[in-house]
Amino acid sequence: VKAYLDGTLQELEARREHLLAGVARRPEPELRLLLDTTLKHLEALGPKIAALRSEPRYRQDGAEAAVLRQLRRIVGDLDHLEAFPVAALRRWEDADARLTRLVSGIIREIAFPRPAPVAACLSQDYYAVWPESHLIVAPLTESRFLLHVADLYHELAHLLFHAKGDTRLAPFLRAYRSASAMGLAYCLEERRREEDSSLPPHSMRDRFGLWARCFSSWIEELACDLFAVFTCGPAFAWAHIHLWTKRGSDPFRLPAVEMRWHPCDAVRLSSMNEALISLGFDDDAKGIGAHWRRVTAAAHLQETPAYRRCFPSDLVRGIASTLLDGVAGLGVRRVEPGHMGPIADRLNDAWHRFLQEPDRYAAWEARAAEELMADTSFQAGRASGR
Amino acid sequence: MGEIGLSAGAYEDLRDIGDLVDEVTCAVRAGERAAVESQRLGVLLAKMRGEVPDSMAPLRLGSLLAGAGGALDEWVALGERLRERGVGASDLPRLERLAEVVDQATRAAAARLRGRGA
């Protein structure tokens, strides 16, 4: 198997060299960070592959499993680099520039404490973020629409988790840690109680163990949701419902066997509504909650006993409150009813119009999206209201 | 929304942890000291109990190991040994177990990024 693994590593090296040679060295200033990180990443994989092929520690008998694991991780990196950063640089076009400009506007408006990432319209799925590459990807036509743009705020928040050594982020990370500890402690305690019970061992005990493993990722997602609510307002919660309506699965479903990286949609919406109430958007929270109940009822979906066990109300409230304090500790601009920056205001206005006049919305959106994406004059600190 | 929309952050953290664990495991198996890598892994494991995180990696790993069964204290103790004097062949099974737990989670994260699996 050693010879086979060695041949596979040579194949990966050829792929890496080919990708490196194919990176478009674009001159646009906004692409500098993406270009640098992409080149650096590809260059760093060379010595890694060489080490696996030549160092005695990897050539010894018994090291094959470890070599295979590392080889697969290199494949994962090459897959990612090829599909996103290298592709973004190679096919950079007007839609990408428009979305990237909007992200820069958001960053100025909310006083985001980190550099602006590149936003490229090349996702084949939905919004996603690659923190290491400082890259957000969105669907191809996203720069023509407004209802899901609030998701950019959520993706920006993910970057905060992966900025190493920035002391400004300490309150946010501390809150994350506290909230994770709450979830973890709850799951481990419940698992212990299940062990003490006379129920069969495969019942809830194993599920609480699984949920405990998921919780740190779930809390990251919830923190990003609350960051988006704090900086963009109700538009983000509406976007969440809208995405679920179009593409979501059972919002109360919890993992039973394999890890899931996102918490279920119901708990996400529940914590968003807690945040909206804290920010003074009580009426919006009421409307969003009622709409959520209507659409889930239309799909014949409702809370399950497992959902209630995993996410008791007190736990959700405590986690949301802790995370919201952490977001506030970042010093980013919070939205309030009647007082939000021009971009957040436009996104909330879009939702208002969509809900009030769905028949006339498309024509309005076409113009409004064009104006928003073309506008380079957004300034942080300019308050406006609907 | 479910698993729609994603961050590669978990994958990136787990990948780096997995690389580090495999480096140390192979070094121990080969009878090398690998002082730098052992120290880094030791610090990472010990930080799972730290108060203020300076990165996500120890938090993510702590949650993963706590949910995987066994006491977190034992992993932290392994971290302390790694920091103080390195580990020997007797720690290999525990390092292998660590590598497997991290690899399983990494593969799940990678599959998710490629639109397959959870």
Side-chain angles (χ1 to χ4, degrees), chain A residues 48 56-58 60 62-63 65-66 69-70 72-73 76-77 79-80 124-132 151 154-155 158 161-162 164-165 170 173-174 176-177 180 184 187-188 209-217 220 224 240 243-244 247-249 251 255 258-262 264-265 268, chain B residues 1-16 18-19 21-23 25-32 34 50-57 59-69 72 96 99-115 117-118:
Chain A
K48 207 166 167 180
R57 69 171 75 165
Y58 300 122
Q60 67 185 316
R69 286 192 292 262
Q70 297 198 64
R72 286 179 168 180
R73 290 192 286 265
D77 280 7
D79 285 348
H80 145 63
Q124 293 177 10
D125 188 3
Y126 189 62
Y127 281 87
V129 61
W130 297 84
E132 203 167 60
D151 281 318
H154 170 101
E155 304 302 343
H158 276 299
F161 284 101
H162 302 280
K164 296 181 175 75
L173 290 177
R174 204 176 291 124
Y176 166 84
R177 180 168 200 120
S180 290
L184 190 60
C187 285
L188 295 179
L210 175 64
W211 298 340
R213 271 180 286 158
C214 296
F215 239 99
S216 68
S217 291
E220 180 176 342
C224 294
H240 178 81
L243 184 62
W244 178 83
R247 302 169 72 170
S249 54
E258 291 189 333
M259 286 177 70
R260 283 173 67 92
W261 301 94
H262 287 64
C264 59
D265 288 303
R268 294 179 71 172
Chain B
M1 197 138 50
E3 291 283 79
I4 303 165
L6 55 94
S7 165
Y11 169 76
E12 291 169 358
D13 282 340
L14 293 167
R15 174 204 60 200
D16 292 345
D19 279 351
V21 175
D22 279 328
E23 279 176 43
T25 305
C26 288
V28 170
R29 193 185 294 280
E32 298 173 18
E51 284 303 311
V52 182
D54 57 359
S55 77
M56 280 289 284
L59 303 178
R60 216 182 281 288
L61 184 60
S63 173
L64 199 61
L65 292 174
L72 199 59
E96 291 281 8
E100 281 166 18
V101 171
V102 174
D103 188 55
Q104 194 182 15
T106 311
R107 280 188 284 117
R112 170 67 199 101
L113 294 174
R114 292 169 197 151

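A, B, ... follow the sequence lines: proteins, then strands. Residue 1 opens every chain. The basis for the numbers below is simple: all heavy atoms, side chains too, and nothing from hydrogens, waters or symmetry mates.
- Distance check, rounded to the nearest 0.5 Å: OH of A:Y58 to CD of B:E23 gives 4.0 Å.
- For the residue pair A:W261 and B:A10, the shortest heavy atom distance occurs at CZ3-CB, 3.7 Å.
- In terms of heavy-atom pairs under 4.5 Å with chain A, the best-connected choice from B:E100, B:R60, B:E12, B:Q104 is B:E12.
- For B:E32, the CD atom counts as densely surrounded, since its 6.0 Å shell holds more than 12 non-hydrogen atoms of other residues, nucleotides or ligands.
- Only the side chain of B:E96 comes within less than 4.5 Å of a heavy atom of chain A; its backbone N, CA, C and O stay farther away.
- Between the side chain of A:Q60 and the backbone N or O of B:C26 there is at least one donor-acceptor pair closer than 3.5 Å.
- Inter-residue side-chain proximity for A:R73 and B:L14 is flagged as unmet; no heavy-atom pair is nearer than 4.5 Å.
- Heavy-atom distances place both the backbone and the side chain of A:E132 under 4.5 Å from chain B.
- For the options A:G62, A:C224, A:P56, A:S217, heavy-atom pairs under 4.5 Å to chain B are most numerous at A:G62.
- Ion pairing of B:D22 with A:R69 is present here, as a side-chain N (NZ or NE/NH1/NH2) and a carboxylate O approach within less than 4.0 Å.
- With a 4.5 Å cut-off on side-chain heavy atoms, B:R15 and A:H80 do not count as touching.
- In this structure, B:L64 CG and A:S216 OG are separated by 7.5 Å, a value rounded to the nearest 0.5 Å.
- A salt bridge links A:K48 to B:D19: at least one charged side-chain nitrogen sits closer than 4.0 Å to a carboxylate oxygen.
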